[in-house]
Amino acid sequence: MPTRTTATTDQPAHIGLLPDGVARAHLTSAVLRGDEVPPARTVDRLSTSPSDRAAPRWEAAPVRQLLLDTTGRFRDHRPTTADRWLAPRLHTVLRLTRAEAADPALWNHLALRIAPEYVVWRWCPAGGAVAASRFSGPFHVQALARLWWAAELFRDGPDYAPVVTACANQDVLNTVLRSQAILHRPVAQALLRLVGEDGGLTGREVNALSAAVGAAGSTLLYEVLAPDAETDTEAVRAWIGSAHGSYVPYDTLPEGPDDVRVPQASVDALVPRFRGFLADAEVRGRAPVPAP
Amino acid sequence: MKRLVPYPTVAGPVELAVVRVRVDDWTLPVQLVNTTDRIVALHTDRGTDWNEARLTVAVTTAPGALRPEHHGRDQACTAVLRERATNSVTAVRLHPDGSGAWTGEVSLDHTRHAGRVLLEAHLTATVDDVAGRIIGSTEPWNVDLEARTPTAVRTVRLVQVDFAADDRPELHRFRADPWHVDAWGDPPVLYLNKAFEGLVDLLHADASPTRDTVAAQVGVDVWSTLFLAALGAAAESGDDEPAVPGGWHGTVLKRMLPDVFPDLSPADALAEALKRRREGDAGFHALVLHAAGRPARLNPMLGGAIRALRRASESGR
């Protein structure tokens, strides 16, 4: 079923699902340069709707407004600095289950139909073109999916503060976000504690640490070393269902779903070990590199 | 998966059995649990509107294979559910049942999973003062939310369509082609162009030299495209050490790498393929085409494709 459009504007009323093939076919060089937006009528005709399409959480206006406000708010800043502000708020506006967020068609529709202006603003170099994978691509690359997933995987229950730490560092978004080890929440929180400390970590340190954590995970079960608490899936369902009229604060952090915090003892158990990995990696990094 | 590690691991197989599956308040029929290929099919006639599947699992080792004095203290067994597409991992401690097995119940939440979920278990112990060392792992099970039958590997999906059709803009640039392979999604799709006169009829027809030649061409195209896409997925896995990815990517690589580099071990073959891909080695493409054309692989795949075609046309799609 095509996404319904309102009579007065060209904006669709609801978020839809746009298949990968159709999305790719409409990522012309004019779209990628930001000179055109994908043809609305065609995109609407080829999009489908989520099964509960009438639910308030699929309304397009709030997420479009948030994305346009982002480009306004950070007009005079480098677009990368907007990531840490936008990620928690995008997560609050888009009330999704992980199963829903795994569907690339959702992110295609948001990028090509709801707010292509945001994708161009964030990812188009002056005089250049956006990489097609920022409109339609893997979860850790696509412009909106990467921020939503960063918020989902780095939040500590309802607390989005670690998400801000994560998204302030492009190396965390580019490397750590797609590492398998961080899917165990205590690993993610321990990593972010080191990233967020005074002085933080350089990009190179983040990448070295992420690689070391992943490599150690092949012989260590972090789930045993540092157990997580059981997720309260009912709390997530309730949070997703309560989207209607939810207000997104711009100057304070919103609150995420209260599906249980990461046990601090587990994070504490991992932090010294990760410091050790970092020390080892740095020693290796300082070793003389033979000339090619 | 056997890894070389600098501490003793459990000798002999570590086996995981799925004893029972409850979906909300009813029990999944045993026919939907395939213990040979380790697959659970969760898509039943009762539909997809369920909240939680609970899998009762039991993990066993060979008798006497696990010795505390040899393998370390704090021995434990943990079952892990893992789905890459939904970035969801759930770990559950299993408990010894007194007869040498560990048992427990793993809960799969429907909001956190969408397709194929891996289920495996790991034995751990404190080895040389390091807690949580993996001393043994089971082969993974596939818990498939979309499968109606517990059969191995979802193969290539076959779609017959007019490439110039209005609702297929992604196929328009291939409109003059007889077929097109799309290795982007999961499962990959082989499109046959209905507007290409005679093609579908030919593939339906009884065996003939013409049919076999066309079918072989399609097969080479399918396998070489899938192989290169799977290699791309391995290159993007983001780990320092290249690993065979999961899903169909892994299946394709495991089947084809021995034909591409017959003299290399699987790990070396993968590393070599990734290296040649990076360097853009022109000879590499020829090796892939050669491996993709191996009759041993072509025949079953095409047999399957043609059967699928028949089924599709019989059901009127």
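Order of the sequence lines fixes the chain letters, A, B, ..., with proteins taken first and strands second; residue numbering starts at 1 for each chain.
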**Most contacts with chain A, counted as non-hydrogen pairs under 4.5 angstrom, among B:Thr111, B:Val127, B:Asp167** = B:Thr111

**Request:** Could you tell me whether the side chain of B:Arg112 and the main chain of A:Ala99 form a donor-acceptor pair under 3.5 Å?
**Result:** no

**Message:** Looking at B:Glu105, I want to see if its CD is surrounded by more than 12 non-hydrogen atoms of other residues, nucleotides or ligands under 6.0 Å.
**Reply:** yes

**Fill in**
Residue from A:Ala226, A:Gly21, A:Ala102 scoring the most non-hydrogen pairs under 4.5 Å with chain B is A:Gly21

**Message:** If we define contacts as heavy-atom pairs under 4.5 Å, which of A:Leu183, A:Val224, A:Ile182 has the most with chain B?
**Reply:** A:Leu183

**Item:** Contact origin within A:Tyr222 toward chain B - heavy atom pairs under 4.5 Å
**Value:** neither

**Minimum heavy-atom distance B:Thr86-A:Trp149, with the two atoms named** = O-CH2, 3.4 Å

**Heavy-atom pair count under 4.5 Å with chain A, highest-scoring of B:Asp109, B:Val80, B:Val89** = B:Asp109

**Request:** Spell out the residues in residues 169-176 of chain B that have some non-hydrogen atom less than 4.5 Å away from a non-hydrogen atom of chain A, in order of number; otherwise answer 'none'.
**Result:** B:Pro169, B:Glu170

**Request:** List the atom of A:Leu220, the atom of B:Val130, and the distance in Å for their closest heavy-atom pair.
**Result:** CD2-CG1, 3.7 Å

**Option in A:Val236, A:Leu96, A:Thr97 with maximal non-hydrogen atom pairs under 4.5 Å from chain B** = A:Thr97

**Item:** Atom group of A:His26 that falls short of 4.5 Å from chain B, counting heavy atoms
**Value:** side chain

**Sequence-distant partners of A:Phe274, ring-ring contact (aromatic ring centres under 6.0 Å, His included), two or more places apart** = A:Phe277

**Message:** Using every non-hydrogen atom in the two residues, find where B:Ala131 and A:Leu225 come nearest and quote the distance to one decimal.
**Reply:** O-CD2, 3.4 Å

**Asked** Looking at B:Ile135, B:Asp182, B:Thr126, B:Ile134, which one has more heavy-atom pairs under 4.5 Å with chain A than the rest?
**Response** B:Ile134

**Asked** Taking only residues two or more places apart in sequence, or in another chain, which ones meet B:Asp49 in a side-chain hydrogen bond (donor to acceptor under 3.5 Å, both in side chains)?
**Response** none

**Request:** Using non-hydrogen atoms and a 4.5 Å limit, figure out which bit of A:Thr42 sits close to chain B: side chain, backbone, both or neither.
**Result:** neither

**Request:** May I ask you to decide whether B:Asp166 forms a salt bridge with A:Arg45, counting only side-chain N to carboxylate O separations under 4.0 Å?
**Result:** yes

**Point-to-point distance, once rounded to the nearest 0.5 Å, from NE2 of B:His113 to CZ of A:Arg98** = 8.5 Å

**Message:** Please classify the contact of B:Arg82 with chain A as side chain, backbone, both or neither, using a heavy-atom distance under 4.5 Å.
**Reply:** side chain

**Any residue meeting ring-ring contact (aromatic ring centres under 6.0 Å, His included) with A:His91, in chain and number order, not counting sequence neighbours** = A:Trp148, A:Tyr160, A:Trp239

**Message:** Assess the residue pair B:Arg133 and A:Thr219 against the criterion (side chain to side chain donor-acceptor pair (under 3.5 Å)); give the C-alpha distance rounded to whole Å, side-chain angles, the decisive distance to 0.1 Å, and a yes or no.
**Reply:** CA-CA 6 Å; B:Arg133 280 285 189 212; A:Thr219 64; 2.8 Å; yes

**Item:** Contact winner vs chain B - A:Thr233, A:Leu153, A:Leu221, heavy-atom pairs under 4.5 Å
**Value:** A:Leu221

**Prompt:** Given a strict heavy-atom distance threshold of 4.5 Å, which part of A:Arg273 is in contact with chain B: side chain, backbone, both, or neither?
**Reply:** side chain

**Asked** Yes or no on side chain to side chain contact (heavy atoms under 4.5 Å, CB included) for B:Thr90 and A:His184, after CA distance, side-chain angles and deciding distance?
**Response** CA-CA 8 Å; B:Thr90 309; A:His184 182 55; over 6 Å; no

**Asked** Top residue by heavy-atom pair count (under 4.5 Å) with chain B, among A:Glu152, A:His140, A:Glu230, A:Arg24?
**Response** A:Arg24

**Request:** Could you check B:Arg84 against A:Gln180 for side chain to side chain contact (heavy atoms under 4.5 Å, CB included), going step by step and ending with a plain yes or no?
**Result:** CA-CA 8 Å; B:Arg84 184 75 258 211; A:Gln180 298 257 7; 3.2 Å; yes

**Heavy-atom pair count under 4.5 Å with chain A, highest-scoring of B:Ala85, B:Ala76, B:Ser88** = B:Ser88

